[in-house]
Protein chains: 2
Amino acid sequence: MAGAAMAETAATQAAERPLVSVDVVLFTLGGPVRQGRPGLQVLLARRARPPFAGCWALPGCFVGPTESLEVAAHRAIRHLTTARGIYLEQLYTFGEPDRDPRGRVITIGYYALVRADQVQFPAAPAGAEAECAAWFPADALPPLAFDHDYIIGYARWRLRNKIEYTDIAFQVLPDRFSLTHLRQVYEAVLGETLDKRNFNRKVLSSGLLVETGAVQGGQAHRPARLYAFVRRQPGGTIAPVAPGQAAPRQHDHDAGKD
Amino acid sequence: MAGAAMAETAATQAAERPLVSVDVVLFTLGGPVRQGRPGLQVLLARRARPPFAGCWALPGCFVGPTESLEVAAHRAIRHLTTARGIYLEQLYTFGEPDRDPRGRVITIGYYALVRADQVQFPAAPAGAEAECAAWFPADALPPLAFDHDYIIGYARWRLRNKIEYTDIAFQVLPDRFSLTHLRQVYEAVLGETLDKRNFNRKVLSSGLLVETGAVQGGQAHRPARLYAFVRRQPGGTIAPVAPGQAAPRQHDHDAGKD
DNA sequence: GCAAAAGTGTTCGGAATACACCCATGG
DNA sequence: CCATGGGTGTATTCCGAACACTTTTGC
């Protein structure tokens with residue numbers, strides 16, 4: 001809420017108002033193939049300014065006075081990525097008073113799983129301290145600024161949970177993909193090997209995939225069939241909703257349990 | 001993060017810093033018994049000051065300069081409640097630029113399910129516009145200030161999900177309770193009737209309950225056995241953790257899937 | 001023809017569901 | 001003795017887990 005207890009006005013001194021930032025944990029799949037699958041990677045930016053100058057940190061920025069949190073989060077990665085339409089999900093808000101040495105900074109974390117080719121790095125300015133960005137294996141992160149290692153750890157934990165009951169895995173896949181590709185996404189996020197037969201049966205019976213008829217070319221050996229992800233058709237449900245029985249309320253943030 | 005992109009300093013004008021508040025959605029069970037169970041209720045406070053003076057709203061307050069978000073959330077309800085140790089869970093952060101007519105206010109929502117007797121109302125000051133608090137049935141809320149109806153709707157949705165896989169239901173129960181009492185909590189939160197036999201079997205086989213030996217007195221008819229909630233014994237696990245296999249990382253916020 | 005990855009069927013056990021009757025107590 | 005809520009057992013179904021061989025293609 002706002003203002004029931006404290007008599008705070010717009011004239012409040014700046015020192016009493018915390019700074020508000022957003023930090024984005026972008027995950028992708030890539031790197032060397034280990035255990036038959038690529039690894040989970042995290043996008044980090046090298047800080048050009050103190051505090052923690054030269055240190056790696058999550059992409060982030062302060063929230064503008066009339067800017068929504070989602071817009072700020074997109075702005076934080078816009079100078080690194082070309083693709084629009086990345087679906088960012090709010091992670092958590094970190095507000096411990098001592099988490100930033102400059103003073104009180106509250107940060108709202110966002111995260112997403114994206115295709116690596118959606119994120120392109122501009123030519124890095126010269127200089128050892130220059131700001132630049134790179135993917136790092138989630139299992140071998142460099143020392144990080146602030147509490148960003150904790151934020152990333154929490155984001156990984158959420159991603160592991162969310163991938164079980166949301167569509168989040170499809171965000172990292174191209175329009176057409178093989179079942180093996182899809183399974184590798186799950187394996188990389190979950191950190192474990194999945195049974196191919198059980199996995200295929202499950203995703204095919206979910207009704208979320210359609211066979212495109214195309215097959216994967218270029219590889220040696222047997223080509224894989226390619227599938228496409230089909231969203232639940234908006235308004236095209238077979239069973240009509242009973243009158244008087246309101247459709248479950250939609251919350252555009254957080255499509256699953258959490 | 002903080003400060004990678006914008007060159008913001010402590011001298012930033014107050015107008016550019018958003019206000020940060022916390023709002024708390026306190027749920028309890030009470031009210032008239034309908035469909036064999038009490039209903040879900042929400043604690044609301046009547047606003048004494050503009051905006052929305054005289055309107056009902058969630059208890060909330062602004063976050064102090066050196067105060068953690070959790071502490072602020074507890075402070076928001078401290079003048080209404082006597083019990084300490086309420087387990088508040090972070091819900092979501094609402095930051096749309098126009099959600100408060102006074103200007104930019106970002107609010108971090110918290111929620112909890114508590115026993116009604118933990119919350120005691122101080123004698124309300126006289127006057128129609130005086131600040132006071134009361135429980136309202138979650139299905140019949142008055143018009144609310146700000147976007148608080150949306151926040152409550154989201155909190156109810158989260159509560160429904162969380163009760164399936166967390167201990168949250170036990171927070172609303174006394175130390176000793178009957179299985180029927182526990183089931184009524186689930187039924188009120190889920191909004192549906194549960195099969196008594198299947199429910200009892202499930203909760204008893206979960207290992208989270210111990211029979212106290214006591215029975216419920218005072219009622220007519222057969223007295224119910226009383227159970228107590230047993231937390232997972234810390235360090236008393238039977239199966240030893242395999243060496244080299246790190247225990248899963250703990251995140252003290254969000255004990256379940258989120 | 002061989003190496004490599006794709007693709008498929010069956011069995012088993014545990015969990016969730018549906019369902020109906022007896023028990024203990026106070027009045 | 002009866003009204004009321006407490007307490008229990010069984011059959012069925014569904015889902016997840018385990019497990020190994022055949023097929024297709026490029027080379």
Side-chain angles (χ1 to χ4, degrees), chain A residues 29 33-38 160-161 163-165 169 173-174 176-228 257, chain B residues 29 32-38 160-161 163-165 169 173-174 176-188 190-228 239 256-257:
Chain A
L29 261 63
V33 172
R34 271 184 275 242
Q35 296 146 356
R37 57 175 181 262
R160 271 197 300 274
N161 287 320
I163 203 174
E164 304 270 19
Y165 57 91
L173 292 170
R176 299 170 162 203
F177 51 87
S178 67
L179 294 183
T180 296
H181 195 175
L182 178 60
R183 181 164 43 83
Q184 286 175 342
V185 175
Y186 277 80
E187 289 180 339
V189 169
L190 297 174
E192 61 185 325
T193 300
L194 301 175
D195 183 274
K196 180 171 48 161
R197 288 160 292 194
N198 294 334
F199 181 84
N200 288 6
R201 192 177 16 244
K202 185 151 90 169
V203 297
L204 287 177
S205 70
S206 75
L208 295 175
L209 297 188
V210 285
E211 202 169 337
T212 62
V215 294
Q216 199 160 35
Q219 286 76 352
H221 321 306
R222 178 172 180 174
R225 298 181 208 170
L226 295 179
Y227 294 82
K257 295 185 181 176
Chain B
L29 259 64
V33 172
R34 271 184 273 241
Q35 296 146 353
R37 61 181 117 95
R160 270 198 301 275
N161 287 320
I163 203 173
E164 304 270 20
Y165 57 91
L173 293 169
R176 299 169 164 204
F177 51 87
S178 67
L179 294 182
T180 295
H181 195 174
L182 178 61
R183 181 164 42 84
Q184 285 175 341
V185 175
Y186 277 81
E187 290 179 340
L190 296 175
E192 61 184 328
T193 301
L194 301 175
D195 184 274
K196 178 170 54 161
R197 289 161 291 196
N198 294 334
F199 180 85
N200 288 4
R201 197 182 5 249
K202 184 151 90 168
V203 297
L204 287 176
S205 70
S206 75
L208 294 176
L209 297 187
V210 284
E211 204 169 331
T212 63
V215 294
Q216 199 160 35
Q219 284 77 354
H221 320 306
R222 178 172 180 174
R225 297 181 208 169
L226 296 180
Y227 293 82
K257 293 185 184 176

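Each chain gets a letter, A, B and so on, in the order the sequences are listed, and its residues count up from 1.
For the pair B/Lys202 NZ and C/dA18 C1', the interatomic distance rounds to 15 Å; values are reported in whole Å. The separation between A/Leu179 atom CG and D/dT23 atom P is 20 Å, rounded to whole Å. The CZ atom of A/Phe199 sits 14 Å away from the P atom of C/dT8 (whole-angstrom rounding). Between B/Asn200 atom CG and D/dG9 atom P there is a gap of 12 Å when expressed in whole angstrom units. B/Phe177 places its CZ atom 15 Å from the P atom of D/dG6, with the value rounded to the nearest Å. Taking atom CG of B/Leu204 as the reference point, atom C1' of D/dG9 lies 14 Å away to the nearest angstrom. When rounded to the nearest whole Å, the span between CD of B/Gln219 and P of D/dG7 equals 11 Å. A straight line from CG of B/Leu194 to P of C/dA16 spans 13 Å, rounded to a whole angstrom.
Not a single donor-acceptor pair under 3.5 Å links the side chain of B/Glu187 to the backbone N or O of B/Pro38.
Take the nearest nucleotide of DNA chain C for A/Gln216 and for B/Arg222: the residue whose nucleotide is more 5' is A/Gln216. Nearest-nucleotide assignment on DNA chain C puts the 5′-proximal partner with A/His181, out of B/Pro223 and A/His181. A residue-by-residue look at B/Thr180 and A/Asp195 shows that B/Thr180 has its nearest nucleotide of DNA chain D further toward the 5' end.
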Checklist entry - Going through the checks in order, is the side chain to side chain contact (heavy atoms under 4.5 Å, CB included) test met by B/Leu204 and B/Tyr227? => result CA-CA 10 Å; B/Leu204 287 176; B/Tyr227 293 82; 3.6 Å; yes
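Here the side chains of B/Leu29 and B/Arg37 are not in contact, with every heavy-atom distance at 4.5 Å or above. Contact check for A/Phe199 versus A/Leu182: side-chain heavy atoms found under the 4.5 Å cut-off. Residues A/Arg183 and A/Ser178 have side chains not in contact (no heavy-atom distance under 4.5 Å, counting atoms from C-beta outward).
Residue B/Arg225 has a polar side-chain atom (N or O) positioned under 4.0 Å from OP1 or OP2 of D/dT8.
When distances are taken from the side chain of B/Asn198 to each of C/dG7, C/dC19, C/dG9, the shortest belongs to C/dC19. Residue B/His221 places its side chain closer to D/dA3 than to any other of D/dA18, D/dA3, C/dT17.
Donor-acceptor pairing under 3.5 Å, judged by distance alone, is absent between the side chain of B/Arg197 and the base of C/dA16. No hydrogens or angles were tested; on distance alone, a donor-acceptor pair under 3.5 Å links the side chain of B/Lys196 to the base of D/dG7.
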